[in-house]
Amino acid sequence: MTDPLSLDDDFTPRPGGLAARARASVATPQPYLSGLNPEQRRAVEATDGPVLVLAGAGTGKTRVLTTRIAHLIASGLAYPSQILAVTFTNKAAREMKERIGHLLGGVAEGMPWLGTFHAIGTKILRRHAELVGLRSDFTILDTDDQLRLMRQVIQAEGIDEKRWPARALAAFIDGWKNRGLTPDKVPSGEAAAFAAGRGAKLYAFYQARLKQLNAADFGDLLLENLRLFREHPDVLMGYQERFRYILVDEYQDTNVAQYLWLRLLAQGRRNVACVGDDDQSIYGWRGAEVDNILRFEHDFPGATVVRLEQNYRSTGHILASASHLIAHNTDRLGKTLHTEDEEGEKVTLTGAWDSEEEARLIGEEIEALQAKGHSLADIAVLVRISAQMREIEDRFLTLGLPYRVIGGPRFYERLEIRDALAYLRCVANPADDLAFERILNTPKRGLGDATLEVLHRFARAKSIPLMQAARLLVETDELKPKPRGALRDLSTSFARWAAQVDAMKHNELAEMVLEESGYTEMWQKERTAESAGRLENLKELVRSMEEFPDLAGFLEHVSLVMEMIDDDATERVSIMTLHGAKGLEFDTVFLPGWEEGLFPNQRALDESGKAGLEEERRLAYVGITRARRRAKIMFASNRRIHGMWQSTIPSRFVDELPESHVEVTEAPASFGGYGGSRFDRMTPFGSSYNTPGWQRAQERTRQGGGSGGSGGGFGERDAGSYRPPGRKSGPMLLEGELVAKSTGASSAFAQGQRVFHIKFGNGTVAAVDGNKLTIDFDKAGRKMVLDSFVQAA
DNA sequence: TCCTAGCGCTTTTTT
DNA sequence: AGCGCTAGGA
């Protein structure tokens, strides 16, 4: 990367020359600007008015954002405290803070308004909580609490929970909040969709309960901000004044509420810079509005639009493949990425017989890379759905290949951690009913549903929190002696712990609470491998509390930052979903499971049609563009879905890859899934293929297994023996077409014909579509299969 | 109040 | 297949 403006110190500019003028325009040296390409530099220096930066994958998006902030500060346009910079994830926020720190030498700590939408929303809300009916120490509820609360609301309304599950209500309310809708604004049509028209009413009740509990859920962190800004223009104006510059990361992922929030704040000075990539919008299903980015120029007239198209991450073949694929989408602004990098290795495409073999191939390739000195940390396996991970993990476990699953169950979501946190929440905030309810009978103290019911009634009658109700209730004779004693113990314990909040160090207090409540003991008694792990987690929890000033600070961190930083330094292969991979990059990326139904995901197609397909395609684009040097796409012909083996056909995305940038490699023992009878051409006779299954297969082929190419018998898999050592998978292009393409030629099979399939047994052909057969199997039911998989019965 | 067998559901996920 | 929730019995 050369920059015309980064001058050598020895170089003396010719008076009046370009360099001299450039230098003159830059009053102070700005070393942070050097190394930016012209577009990046434009995005950084366009400080006045709205700016939209369309940043393709790997084009230096974060660099532009951080440099822009550094530039604003260094050139005196704003103090760090006058810059609002929002991201979606804590990780992105952390990274940005670090990088700004590097650029400016440690002032990142002075960026109080750099954070996630939710963190900043919380900060603002705490300052003005009383204006929206909360106290400044309000609790932030997680999904679990939310659900429990909604269940209560549904029950209180006498609605059948079977027909109208809390989950569904949660989804509705979430959706409404994502769109910035308060209960009174919910369109009547939608409100009617839940519980026969009572949707909006339930939403209103739920909101009222939140206020009673002095709590906010994630959606509220933004929604209540909107309400605050709308009802109190003076407050809004204060923030408009303060935030001279606003920067937004991943703008394509913003939902309506976030958009409205930004618009309100940006209305003042209009210095808003949004960075995003419409081609990487993959969160439509959770309310993200690609429209926000597509509409930016309309919303902010006179906006400067900068396209970053120079890719610094991937090789030519990888970039070309990704670009060709994404070009099949129609709803996009359109960018043409280019790279100065070499062409590199072609993207590989490999078909496997089934998902087990697919996992095995991945394992083998990784071991081969490892043998060549590649670091496992530079390798990732990206899957469409988490369920795909299991087989891959199993394989890695067998091989002893260290791996790390990213985005799995998170630390703060573990059962024992939530329980422990519930205890701490009760200590910190005795009015936290949801937390109290959670631990009332954990560990078992004989305080079951019956007691809880009494407690609830008592609390409701007196309009007091459960904790207080418990304290009063034990003085009455409403409870039987046994539960009364247990409840008294618990109640006095909490009083004792609460009295220690200011006296003790919070982590020591936590340890004491977990000990005295019998919670630790509960797991100690279990003595299983699992319980040992849980105890370990509890220790880790207490340890991690040290980093925070007090209990309240710790609890806030937990609710907003649902992650723990993993400091394990072992090099590992990363396994994660495609969604989880956004923003990351690896030298080598494996992309298994490119099959119709799985990817593109059938459900996405069913629920969202063309928009769903395009989002799936963007996901594929995100997947490929994570790779720096090697992208390896794979598909299997059989996959276990919900425990049942299913025949699958290759993803349409496979057809959409550009042939000239892709190399089709053969999976040695997988036959089938390919359009023609490649067996005749490909068989490496005289090689070390000599397993019984192989020989039987050869026999059958010689006997003439039908012109569709008989795959029968090739599924024989005696693990380990069929993989000929040392034989390299060779390229395989069939008549210039990628293997998975439908041949268009009609199949040798006819409707009504009896056929045999290695995995599904006998069946009858129900329909023929080119080389795709729909077969009603006697045992396995109806499946769609490529004809190369079956033979005449 | 607790335990367990059986039932139904199953994309993606942040905060 | 596997998990979480619920209902029904001990």
Side-chain angles (χ1 to χ4, degrees), chain A residues 86-93 115-122 140-147 151 161-162 165-168 171 174 177-178 216-223 249-250 253-255 257-258 281-288 382-391 394 406-410 412-413 415 440-453 480 482-483 486 556-563 576-583 593 597-608 612 615-616 618-620 622-623 639-646:
Chain A
V86 271
T87 64
F88 275 84
T89 64
N90 292 297
K91 204 171 132 209
T116 63
F117 276 100
H118 292 85
I120 289 167
T122 305
I140 300 166
L141 299 189
D142 58 32
T143 333
D144 223 49
D145 297 322
Q146 262 178 70
L147 227 47
R151 208 163 282 138
E161 233 192 297
K162 287 276 129 50
R167 289 194 144 279
D174 239 37
K177 289 190 174 178
N178 281 160
D217 66 16
F218 284 123
D220 284 345
L221 298 178
L222 273 162
L223 192 67
D249 189 20
E250 306 276 19
D253 287 338
T254 48
N255 61 35
Q258 288 155 341
S281 162
I282 55 175
Y283 286 110
W285 51 273
R286 67 174 196 214
L382 311 183
V383 297
R384 175 61 182 84
I385 62 169
S386 318
Q388 285 173 262
M389 291 180 181
R390 194 190 195 100
E391 268 176 319
D394 280 352
I406 298 187
R410 283 170 304 170
Y412 292 122
E413 279 172 0
L415 177 82
L440 180 64
N441 202 27
T442 310
K444 302 264 178 293
R445 332 182 144 84
L447 298 173
D449 292 346
T451 313
L452 183 61
E453 182 57 33
K480 298 208 181 81
K482 238 173 147 183
E556 169 112 346
H557 165 85
V558 170
S559 47
L560 284 176
V561 186
M562 298 285 288
E563 56 178 296
M576 66 189 95
T577 62
L578 287 161
H579 285 91
K582 197 165 74 155
L598 178 65
F599 190 38
N601 189 271
Q602 193 57 46
R603 217 164 135 168
L605 263 37
D606 291 346
E607 286 171 10
S608 316
E615 182 153 315
E616 293 287 302
R618 291 194 289 269
L619 208 41
V622 167
R639 184 173 298 275
R640 214 185 338 223
I641 297 165
H642 307 325
M644 298 250 294
W645 281 99
Q646 302 258 230

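By the 5.5 angstrom centroid cut-off and the 30-degree plane limit, A:Trp285 is classified as stacked against the base of B:dT12. Put simply, A:His642 rests on the base of B:dT10: the two rings are less than 5.5 Å apart at their centres and nearly parallel, under 30°.
Annotation for A:Asp606: atom CG counts as buried by contact number, over 12 foreign heavy atoms lying within 6.0 Å.
At whole-Å resolution of the value, CD in A:Glu615 and C1' in B:dT13 are 12 Å apart. The interatomic distance linking A:Asp220 (CG) with B:dT14 (C1') rounds to 16 Å, in whole Å. If you take CZ of A:Phe117 and C1' of B:dT15, they are 12 Å apart, rounded to a whole angstrom. In this structure, CZ of A:Arg640 is placed 20 Å from P of B:dT10, rounded to the nearest angstrom. Straight-line distance from the CD1 atom of A:Ile385 to the P atom of B:dT11: 8 Å, rounded to whole Å. Following rounding to the nearest Å, A:Gln602 (CD) and B:dT12 (P) show an atom-to-atom distance of 16 Å. Between the CZ atom of A:Arg639 and the P atom of C:dA1 there is a distance of 17 Å, given to the nearest Å. One atom, CG of A:Leu223, and another, P of B:dT14, lie 22 Å apart when rounded to the nearest Å.
Of all nucleotides listed (B:dT13, B:dT15, B:dT10), B:dT13 comes nearest to the side chain of A:His579. Out of C:dG2, B:dT15, B:dT1, the shortest distance to the side chain of A:Glu413 is found at B:dT15. For A:Lys444, the side-chain atoms get nearest to B:dC2 when compared with the rest of B:dC2, B:dT11, B:dT15. Side-chain proximity of A:Tyr283 to the nucleotides B:dT15, B:dT11, B:dT13 is greatest for B:dT13. Residue A:Arg603 places its side chain closer to B:dT10 than to any other of B:dT1, B:dT10, B:dT15.
With the nearest nucleotide of DNA chain B identified for both A:Asn441 and A:Ala387, A:Asn441 has the one nearer the 5' end.
A:Ser559 has no side-chain polar atom (N or O) that falls below the 4.0 Å cut-off from OP1 or OP2 of B:dT15. In this structure, A:Arg445 does not reach the B:dT1 phosphate: none of its side-chain N or O atoms is under 4.0 Å from OP1 or OP2. Remark: A:Arg167 is not in phosphate contact with C:dC5, judged by side-chain N or O atoms under 4.0 Å from OP1 or OP2. Taking 4.0 angstrom as the limit, A:Thr451 places a side-chain polar atom (N or O) nearer than this to OP1 or OP2 of B:dT1. At B:dT12, one or more side-chain N or O atoms of A:Ser386 fall inside 4.0 Å of OP1 or OP2 (strictly under the cut-off). Residue A:Arg286 places none of its side-chain N or O atoms closer than 4.0 Å to OP1 or OP2 of B:dT15.
No contact: A:Gln388 has no heavy atom under 4.0 Å from any strand. Residue-level contact check: A:Arg390 touches the backbone only, with heavy atoms under 4.0 Å from sugar-phosphate atoms and none from bases. As judged by a 4.0 angstrom heavy-atom cut-off over every strand, A:Asp142 is placed among residues making no nucleic acid contact. Nucleic acid contact for A:Phe88: sugar-phosphate only, since backbone atoms but no base atoms lie under 4.0 Å from a heavy atom of the residue.
Of the inter-residue distances, the one linking A:Asn601 atom CG with A:Glu607 atom CD reads 8.5 Å to the nearest 0.5 angstrom. Between atom NZ of residue A:Lys582 and atom CG of residue A:Asp253 there is a gap of 3.5 Å, rounded to the nearest 0.5 Å.
At distances below 3.5 Å, not a single donor-acceptor pair connects side-chain atoms of A:Arg151 with backbone N or O atoms of A:Ala166.
The aromatic rings of A:Tyr283 and A:His579 lie tilted to each other, with the angle between the two planes from 30° to 60°.
For the side chain to side chain contact (heavy atoms under 4.5 Å, CB included) with A:Phe218, the qualifying choice from A:Leu222, A:Asp220, A:Leu221 is A:Leu221, the only one to do so.
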